[in-house]
Protein chains: 2
Amino acid sequence: MNLKELAERLKLSQTTVSRALNGYPEVSAKTRRRVEEMARALGYAPNQQARRLATGRSMSIGHVLPRSLHEMLNPVFMEFIAGAGETYAQRGYDMVIAIVDDGQEESAYQEIVARKKADGVMLHGPRVAETRHTLLKSLDLPFLVHGRIPGAEDATDWIDMNNRRAFERAAHLLLDLGHRRIAFLNGLEDMDFVARRKAGYMTALNDRGVELDPALMRNSAMTEPFGALSAREMLTAARPPTAFLVSSMITAIGVSRAISECGLRIGQDVSVITHDDALSFLPNSGEVPIFTCTRSSVRTAGIRAAEMLIKRLIDQPVEPISELLEADLILGQSTGPAG
Amino acid sequence: MNLKELAERLKLSQTTVSRALNGYPEVSAKTRRRVEEMARALGYAPNQQARRLATGRSMSIGHVLPRSLHEMLNPVFMEFIAGAGETYAQRGYDMVIAIVDDGQEESAYQEIVARKKADGVMLHGPRVAETRHTLLKSLDLPFLVHGRIPGAEDATDWIDMNNRRAFERAAHLLLDLGHRRIAFLNGLEDMDFVARRKAGYMTALNDRGVELDPALMRNSAMTEPFGALSAREMLTAARPPTAFLVSSMITAIGVSRAISECGLRIGQDVSVITHDDALSFLPNSGEVPIFTCTRSSVRTAGIRAAEMLIKRLIDQPVEPISELLEADLILGQSTGPAG
DNA sequence: GTCGAAATCCAAAGCGGTTTGAAAGCCGTC
DNA sequence: GACGGCTTTCAAACCGCTTTGGATTTCGAC
């Protein structure tokens, strides 16, 4: 069932039928209704390929993931995607995901443009030294950054969580509880969000005149063993920390494992605050959550991000658009006053 | 830069250029070389929309995820996708992912067919009472199941891990170590793989004449708290288990948390075996892995699945194709002889 | 009754490829 | 030198939709 057949059945031209279905004004309400009914009755749906070719728009949004990035952000990424995907579907966009070898990103983007695979792309996991945005600008491919690109905050569309403020507040909470030796397990140093979280932590400690101890600050991919190993080493060292600030819940789980294994009790002997991305398979939201945490739903971020990118594609606003989400600071069972 | 321009530059017809680039035999080697060079020089890449319209193939593969399924399988799903995505990219296919509300699946598939959005789809998370495959058959949309559909093993393409054997072996290992009270924390009961794992567990226990204790068997979404809560309750009950068989590493982490909190030592006082999907953010592969586990890389499964589905699309084999992957049983630190 | 604007509708030209059916070029053969 | 059989190339149709520019109809105003 295609437009032509449908038009013949209706004894109308393809033009009129097309216009009726696409909501153009130059068709009478009566005709429009007739067309719509017939289309429904015959189960007509316009062929997407044909429409794309004719309009020049692909009605899809691309996500290019270098493999290394994907591996680090896997669960978080998926949740973001899920949120964005919802919105895409509602708005009639498709989501195409390309997972490419590191270093193949550039050609992936070029191909998206050359072959008109997507109308816009989502840029994931911006680094401290980011370059992808300049490529995208030169390719004239619309994009939105999930996170922020240092130095390009005013020149790109982005949505981000206020990492700095969240971690500053979390650190302040620990300081308020009397903790002075606060370990900080953070993600890989070249990621922008990692730098911002570190800045928040440092600001808080500086505010209170607490000296930074490099021995208490570590960076790594945010795995469970990273948390367990680090915590174990730190807790058995000369001057152990009394609290941990942890960038990811998975790592925090590792930390709490180490704490138990050291014969200590979490929340009493040692405090832990983590960041909770509100991942569905890692719920931390009982009556009293296990972990005290900064929480910001990455899924919600995905939803907003998709809306913003689509807005960019359709309305083409002159000014860059951006949104900064604040994280909640949520009290759980993993924090208590310093011994 | 499109075909027409390229052909003009070469002083050839579009036909010849198209054929040269697509490897048709009726074009001389010399001409072909000339065309290829010019195409490369001018950075020509055929417009995908146009090609799709002309060929009727979309050169993309769909993944339709009902929201509930996505939430349960999130991390595993993402890893599978990553594997499949690699293969798609290599073979020139795009991956389009649709995340839809529960109950919208049917219309999502219909739309894929009506609008020619994808040439085939991957079917995720088959249930014990599965029906999607009959819909897909009637829509004549090629698909491959990740997992197996009970009763349709011989009528559908699928790739699966040998869940039953894996869990049977794991249970046997625990039995060999002298454990008799073996708790089993499994996924949601309506999933096919959950049923198979249960069958494996039950077979092993029956083999040794160990009676099943319903109090030791639980089903739930495989979250961390599910593991922690269940283990805590069981360990503090009248006749506590001495070992846990756990369907997911995330849940196993919860179990180990509960074990510690009960003042017990994992691997000594209580044994744990889990299934390890080899997720990148949950490494369990040090010199001696933390968890004794059955391991099967879901990413590898994704790679193979994509290859198989593409084979289906291209070669259209008459017989259904399938592949059963065996899991490794890997000894870690979490198992030891029953006290 | 005529005129002009507004409201409807239509034929045809793209969009950028693939593919069919036919023509042209080339070669050796009789 | 005409002919048959390959190889190589081409013009044109086609995929199914959107959209331009124009034609036709409607209708109130004069």
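Values reported hereafter were calculated over all heavy atoms of this structure, with side chains retained and with hydrogens, waters and symmetry mates removed. All figures in this text were calculated on a predicted structure; none of them were measured in a lab. Just so we're on the same page: letters track the sequence lines, and every chain starts at 1.
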Phosphate contact (dC10(D) OP1 or OP2) by Ser13(B) side-chain N/O below 4.0 Å: yes

Atom-pair distance (CG on Leu21(A); C1' on dT19(D)), nearest Å: 15 Å

Within 6.0 angstrom of Lys117(A) NZ, more than 12 heavy atoms from elsewhere: yes

In residues 151-158 of chain B, what donor-acceptor pairs under 3.5 Å come from side-chain atoms, sequence neighbours left out?
from	atom 1	to	atom 2	distance (Å)
Glu153(B)	OE1	Gly151(B)	N	2.9
Glu153(B)	OE2	Arg196(B)	NH2	3.3
Thr156(B)	OG1	Ala152(B)	O	2.8
Asp157(B)	OD1	Arg312(B)	NH2	3.1
Asp157(B)	OD1	Ile321(B)	N	2.8
Asp157(B)	OD2	Arg312(B)	NE	2.6
Asp157(B)	OD2	Arg312(B)	NH2	3.2
Trp158(B)	NE1	Glu153(B)	O	2.8

SB check Asp102(A) Arg67(A) (cutoff 4.0 Å): no

Heavy-atom neighbours of Arg115(B) CZ exceed 12 at 6.0 Å: yes

Given dT19(D), dA11(C), dC15(D), the nucleotide with the shortest approach to the side chain of Ala54(B): dC15(D)

Rounded distance (Å) that lies between atom P of dT7(D) and atom CZ of Arg32(B): 14 Å

Closest to the Leu53(A) side chain, choosing from dA12(C), dG17(C), dG16(C): dG16(C)

dT18(C) phosphate, OP1 or OP2, under 4.0 Å from Tyr24(B) side-chain N/O: no

N or O in side chain of Tyr44(B) less than 4.0 angstrom from dG17(C) OP1/OP2: yes

Minimum-distance nucleotide to Ser28(B) side chain [options: dT8(D), dC15(C), dC10(C)]: dT8(D)

Sugar-phosphate, base or nothing in reach of Gln14(A), heavy atoms under 4.0 Å: base

Rounded distance (Å) that lies between atom P of dG17(C) and atom NZ of Lys116(B): 20 Å

Side-chain N,O (Thr16(A)) to OP1/OP2 (dC9(C)) below 4.0 Å: no

OP1 or OP2 of dT9(D) under 4.0 Å from side-chain N/O of Thr31(B): yes

Per Asn47(A) side chain, nearest of listed nucleotides dG17(C), dG16(D), dC9(C): dG16(D)

Plane angle bin for Phe80(A) and His124(A) - parallel if under 30°, tilted between 30 and 60°, otherwise perpendicular: perpendicular

Sugar-phosphate only, base, or nothing, as touched by Ser18(A) at under 4.0 Å among non-hydrogen atoms: base

Thr55(B) or Ala29(B), whichever maps to the more 5' nucleotide of DNA chain D: Ala29(B)

Arg304(B) and Glu307(B) ion-paired at < 4.0 Å: yes

Interatomic distance, Gln49(B) CD vs dT18(D) C1' [rounded to whole Å]: 14 Å

Atom pair distance, as rounded to whole Å: CG in Asn22(B) and C1' in dT19(C): 11 Å

Sugar-phosphate only, base, or nothing, as touched by Thr15(B) at under 4.0 Å among non-hydrogen atoms: base

d(CD, Glu26(B); P, dA24(C)) in whole Å: 19 Å

Arg19(A) CZ to dG21(D) P, straight-line distance once rounded to whole Å: 11 Å

Closest to the Pro46(A) side chain, choosing from dC17(D), dT8(D), dC9(C): dC17(D)

Interatomic distance, Leu6(B) CG vs dG17(C) P [rounded to whole Å]: 9 Å

